[in-house]
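Structure record follows, encoded as structure tokens.
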Amino acid sequence: MSDSQSERFAEVAVFSALDKTLHYVVPSHLCERLQIGIRVLVPLGRREATGLIVALHERRPDASAGIALRPIRAVLDSSPIVPEDLICLCKWMASYYFYPLGEVLQTALPSGTGSSPQTLFALTSTGKEKCTAEKDSTLLGLLAERDATSLEEITRALPSEKNIRHKLKVLEEKSLIERIFRWQNPQPGPKKIKSLQLLAPPESEQMERSVPLRLLVQLLDDAGGTLPLRVLRQTVPNLDYWVRKLQKQGAVQVLETVEFREFQCAQSLPPSPAPTLTPHQKKVFEAILPHIEQSSFQPFLLFGVTGSGKTEIYLQLVEKTVAAGKGALILVPEIALSTQMEAFFRQRFGSRLAIWHSGLPAGARYDQWSEILSGKRDVVLGVRSAIFMPIPRLGLIIVDEEHDASYKQDDRLRYHARDAALMRASMLGIPILLGSATPSLQSIHHSQNNRYTTLTLPGRIFDRPLPDLQVVDMRREMRGNRILSKPLREALEETKQNGRQALLFLNRRGFATFYLCNSCGYVPQCTACSVSLTYHQKADRLRCHYCGWEQTVPEACPQCGNTILTPHGFGTERVEEEVRKLLPSARIVRIDRDTVNHPLDMVRSLDAVRQRQADVLIGTQMIAKGHDFPNITLVGIINGDTALQIADFRAGETMVQLLMQVAGRAGRGEEPGRVILQTYNPTHYTIESVVRMDYSSFCARELESREKLQYPPFTRFLKLLVTASDETTTRLAAMELGVLCREVALELRDKDCHVAVLGPAPAPLAKLKSRYRWHLFIKAWTNREMQLFTETVLNRGKNHPALRRVQLSVDRDPMMSV
DNA sequence: AGCACGCCGACT
DNA sequence: GTCGGCGTGCTC
């Protein structure tokens, strides 16, 4: 074997679904340029792949014993694009969420940065000669016409041709064709623009003669000597002529400069000094500050109702963090919430602020990321995936509205950004602040166990009163309107008369929930998903809310032929119609997934409401989050119990959090607010807790019941989801997985590892986007047990033929557990 | 995930 | 006999 003593080795996480890292030999000419965290091009079988260096070794790693290591082909970055601390976090995520490290790292990079080159086939010089000599096979003919062609393109161009792969291999062996590797889509990168720089003043004679030249010089002078050609072209006639002429004289120079793609959602606020903290705020601030200064890991749970002044504490803590030369990360649930936050942070931190959310175009996203990496922007405000931002010297993490479900990613890498943030903070040894008016029971539990330091902001700022909350028992409203009860109708009229705004909340969009055949009870269902279709009046069509399928309302029942199908239930669209009937002159804004396609649509709608361009705002969950509408004095909760029907142990928690948030919308201005809660279960303890606005007693009761039933946070859950396009395959695989799980559970009892296996059963959405779904739940008492059990099951599952035919996904700490 | 290998049935 | 299908296993 190799006797070279100076040989070095690199451990690479390839950006593909490989569940382990691979080792490569570092060629001596690349040795200098290799560092942990840079991307490399490596050979992988017959392909070329991109990966990230996660470790460098002086000696041959034991893990690679008996394998002929291949050399790294090329280095793609001049400096690390993933800092070591972030690699550590990704490693933890890969192992905790059972996901390949390479793919975790890909999620941590702006799209395209983690892509691999495509394999293309092209004629060699001998191949070209052969091709002109004799018009050979269609395959060679095709390759002669095109330059380099991918396998997919060839298959598309020659559908009748069979076994293309094999034929290509034969041609390659004869050296007629070769493989070349190329990135298909342009890699994201900085936006480069051409600018003109003034080096010396042009000859005065020339200046006197030409007006455009004088204008050009004037503009450049005013701008400090350099301006983009794009800008100059707008005002200077004949610009290109003058540029060429002055270039020849050596008076100007055309530079290629990088332009930062700014992307601002929020309105700009005029700069203003930081307000003095109230005594309560100050107490919270002072509890956290030493941990920022000394860099020590400590989770804080900040318990404060909406309007209690959490944001100002965040701002001042971040100010202290950056003043100490460290970076700060602030996570927020979603874009619309971030816009108000963005306005405040922009006002305070200006161009030191980077924002990160799904509404960002790819170019702006790349620029934000690269300026974060370079340390130019050290305050990062973003949604879930901002947990992956490469912030140098990170010194503080804040997770606002930490209970929010949008922190959990629901596909692929199913991570929880709050939990990942806690891990990142603990790895770095820095404080983390979790803020919420209604913390998750998990966090409440930790704070009771003193794992988190609890801080409280009592009351609302300026001592605004809590809104007056009235429960309407909808069982007694049967004779009247089942959508808008009498008290709500009256309150709406009054609010409109007073020139105030109202918010109506319900968690169902569309007009009617479903259509029902009056004679046989048939309900039109989506063929790809096992849900009933929702009627949308504006489009006069039935829609699937899961896959987007649309169809017309059937004229006759396909089951019994009856022609009478009637709509049942109601959604936001129907509420809008009811309000229009009641208040014909009201300006109504509806916010749900039908009116909001792009994240920015919502920002625009919410701004319209804030600027009083609407009287009534109707919406789904999307509007429940902490938006600040000072002029809203009435909040109507149309259906305050739908969440209870969901068979999830967290349904009560989610509902109380949501209702309390919505109720908190009322009366954030000077006026006191009013909340009307319509429900069919006025005596349910979740409703009673909301009425009393008493979150702590709800938590106490809920925790007690969770402990009795051994549910999280007292235990850990994990969901195994089996999906396939064939129903039987899915069911059989799920059954086999169930047997395997029980086998493993029994075996591991000897190793002091106890888990409970629940299921398998068809998932609540038994079919989604034409794929059948079965799931299993694992309950464990510790993380260690869960880790050992799941690793064992997944390892053994690899050699089960039935499981290889399906897709198996793992969801650790799932949000929806039935 | 790709991609190759290898084992089987169906066609020249 | 090969061609072409898909199941199985590996990629440093």
Side-chain angles (χ1 to χ4, degrees), chain A residues 1-2 7-27 30 34 39-57 59-74 94 98-107 114-121 137-139 150-155 158-173 177-184 411-413 723-726 729 732-733 736 794-810:
Chain A
M1 292 250 99
S2 171
E7 222 169 29
R8 293 170 128 249
F9 303 90
E11 199 174 331
V12 177
V14 175
F15 295 139
S16 106
L18 284 169
D19 53 3
K20 37 183 179 171
T21 53
L22 302 178
H23 301 273
Y24 289 87
V25 174
V26 177
L30 294 180
L34 285 190
R39 287 175 306 159
V40 285
L41 198 61
V42 292
L44 183 69
R46 308 209 56 192
R47 290 175 288 159
E48 239 169 38
T50 312
L52 196 89
I53 302 213
V54 294
L56 288 165
H57 303 281
R59 292 217 213 115
R60 201 180 205 280
D62 295 342
S64 69
I67 299 166
L69 298 189
R70 299 168 75 183
I72 285 175
R73 285 263 161 82
F98 303 98
Y99 212 73
L101 178 59
E103 290 195 274
V104 177
L105 288 163
Q106 242 176 330
T107 4
S115 64
S116 284
Q118 215 186 3
T119 307
L120 302 173
F121 296 91
S137 69
T138 41
L139 200 54
S150 70
L151 185 63
E152 297 92 84
E153 273 181 273
I154 298 170
T155 321
L158 305 167
S160 54
E161 196 85 8
K162 292 284 150 69
N163 222 356
I164 293 169
R165 207 168 235 143
H166 179 250
K167 283 172 187 160
L168 285 171
K169 201 189 159 202
V170 173
L171 290 171
E172 198 181 357
E173 274 159 10
I177 63 165
E178 63 186 344
R179 280 159 194 264
I180 55 174
F181 303 98
R182 196 185 290 158
W183 269 277
Q184 193 189 15
D411 63 334
R412 295 191 287 252
L413 172 61
T723 63
S725 48
D726 178 75
T729 312
L732 292 177
E736 175 134 359
L794 293 179
N795 265 327
R796 292 219 202 141
K798 282 181 197 158
N799 345 313
H800 280 63
L803 288 174
R804 267 207 288 258
R805 265 179 257 143
V806 298
Q807 198 191 308
L808 173 62
S809 59
V810 183

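In what follows, chains carry the letters A, B, and so on, assigned in the order in which the sequence lines appear, proteins first and then strands, with residues in each chain numbered from 1.
Taking atom NE2 of A:H166 as the reference point, atom C1' of C:dC3 lies 9 Å away to the nearest angstrom. Nucleotide B:dC3 holds its P atom 18 Å from the NZ atom of A:K167, rounded to whole Å. Residue A:L56 contributes atom CG, which lies 15 Å from atom C1' of C:dC12 at whole-angstrom precision. Rounded to a whole Å, the NZ atom of A:K798 is 12 Å from the C1' atom of C:dG9. One interatomic measurement links the two molecules: CG of A:L41 to C1' of C:dT11, which rounds to 15 Å at whole-angstrom precision. Rounded to whole Å, the distance from CG on A:D19 to P on C:dG9 is 14 Å. Going from atom CG of A:L69 over to atom C1' of C:dC12 covers 5 Å, rounded to whole Å. When the C1' atom of C:dC10 is taken as reference, atom CG of A:N799 falls 14 Å away, rounded to whole Å.
Nearest to the side-chain atoms of A:L22 among the listed nucleotides C:dT11, B:dA4, C:dT8 stands C:dT11. Of the candidate nucleotides C:dG9, B:dA4, B:dA1, B:dA1 has the atom lying nearest to any side-chain atom of A:L18. Closest approach to the A:R804 side chain among C:dG9, C:dC12, B:dA1 is made by C:dG9 (side chain taken as heavy atoms from C-beta onward). Counting only heavy atoms from C-beta on, A:T119 has its side chain closest to B:dC3 among B:dC3, C:dC12, C:dG9.
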Checklist entry - Run the side chain to side chain contact (heavy atoms under 4.5 Å, CB included) check on A:Q118 and A:E152 step by step: do they pass? => result CA-CA 11 Å; A:Q118 215 186 3; A:E152 297 92 84; 3.5 Å; yes

Item to check | Chi angles and distances behind the side chain to side chain contact (heavy atoms under 4.5 Å, CB included) call for A:L413, A:E103 | outcome: CA-CA 8 Å; A:L413 172 61; A:E103 290 195 274; over 6 Å; no

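Side chains of A:L151 and A:L168 form a contact here, defined as non-hydrogen atoms less than 4.5 Å apart. Taking the side chain as every heavy atom from C-beta outward, A:V26 and A:F9 never approach each other to under 4.5 Å. Between A:V806 and A:L732, the closest side-chain pair of non-hydrogen atoms is not below 4.5 Å.
Counting non-hydrogen atoms under 4.0 angstrom, A:P100 reaches nothing in the nucleic acid. At a threshold of 4.0 angstrom between heavy atoms, the contacts of A:K169 are confined to the sugar-phosphate backbone, with no base atom among them. Within the nucleic acid shown, A:R805 has no heavy atom closer than 4.0 Å to any nucleic acid atom.
For A:R46, no side-chain nitrogen or oxygen approaches OP1 or OP2 of C:dC10 to under 4.0 Å. One finds a side-chain N or O of A:R165 lying less than 4.0 angstrom from the OP1 or OP2 phosphate oxygen of B:dC3.
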